[in-house]
Amino acid sequence: AALILNPSPEDLQQEPSMLLAYPKRLEWCDGYQLGVSRTSLKHGQSEYVQGLRSWLMRWGTLPTRAGTITSAGVITRQEVSSMVPAALLGIESHHMVLDLCAAP
């Protein structure tokens, strides 16, 4: 995970046709925003992007080429805008929350 979250400048320059950026720590939600778009993650050929894709397939939830979903249950991909309500509500471990918003 350290190499994924702390890429070298050379790692980010290996994909000249794609815009890659350093992952950003989101302190307010104890998460990270990866500096790779969905398209770059899917089509990138650099060692860094392929390593990131493999890491996400192993530890997270990511569609495979066969259309199946892989998941180890350790990390979950979520849009930043989906994290804002929970962060603003100040939810604590003793609270009960019913999330009625579902993605297709």
Side-chain angles (χ1 to χ4, degrees):
L3 295 176
I4 300 299
L5 297 176
N6 299 303
S8 70
E10 294 80 24
D11 289 333
L12 300 180
Q13 294 173 357
Q14 289 180 1
E15 294 284 350
S17 63
M18 298 178 183
L19 181 62
L20 303 179
Y22 288 102
K24 183 169 48 170
R25 174 94 165 110
L26 304 174
E27 297 285 339
W28 54 270
C29 67
D30 194 29
Y32 287 88
Q33 183 175 15
L34 298 178
V36 180
S37 70
R38 181 180 296 170
T39 302
S40 297
L41 187 59
K42 185 175 181 179
H43 299 292
Q45 298 299 314
S46 72
E47 187 176 327
Y48 172 71
V49 172
Q50 288 180 353
L52 177 58
R53 185 182 317 127
S54 295
W55 185 78
L56 288 170
M57 289 180 72
R58 179 174 181 178
W59 298 109
T61 303
L62 192 70
T64 64
R65 290 181 188 200
T68 59
I69 301 293
T70 62
S71 178
V74 177
I75 61 172
T76 302
R77 181 192 169 278
Q78 187 176 35
E79 296 291 331
V80 173
S81 60
S82 298
M83 294 183 244
V84 171
L88 292 177
L89 286 172
I91 299 168
E92 297 179 16
S93 61
H94 64 278
H95 292 147
M96 295 182 72
V97 177
L98 175 61
D99 183 356
L100 297 175
C101 302

Does Leu89 reach the side chain of Val97, with side-chain heavy atoms less than 4.5 Å apart?
no

Is the closest side-chain heavy-atom distance between Val84 and Trp28 below 4.5 Å?
yes

State, to 0.1 Å, how close [X] and [Y] come at their nearest heavy-atom pair, and which atoms those are.
X	Y	value
Val49	Gly44	CG1-CA, 3.8 Å
Tyr48	Pro7	CE1-CB, 3.5 Å
Arg53	His43	NH2-C, 4.2 Å
Tyr22	Ser8	OH-C, 4.1 Å
Leu41	Val36	N-CG1, 3.5 Å

Count I, L, V, M, F, W, Y as connected when their side-chain heavy atoms are under 4.5 Å apart, and connections chain through other members. Are Leu88 and Leu26 then in the same cluster?
yes

Who passes side chain to side chain donor-acceptor pair (under 3.5 Å) against Gln33, sequence neighbours left out?
none

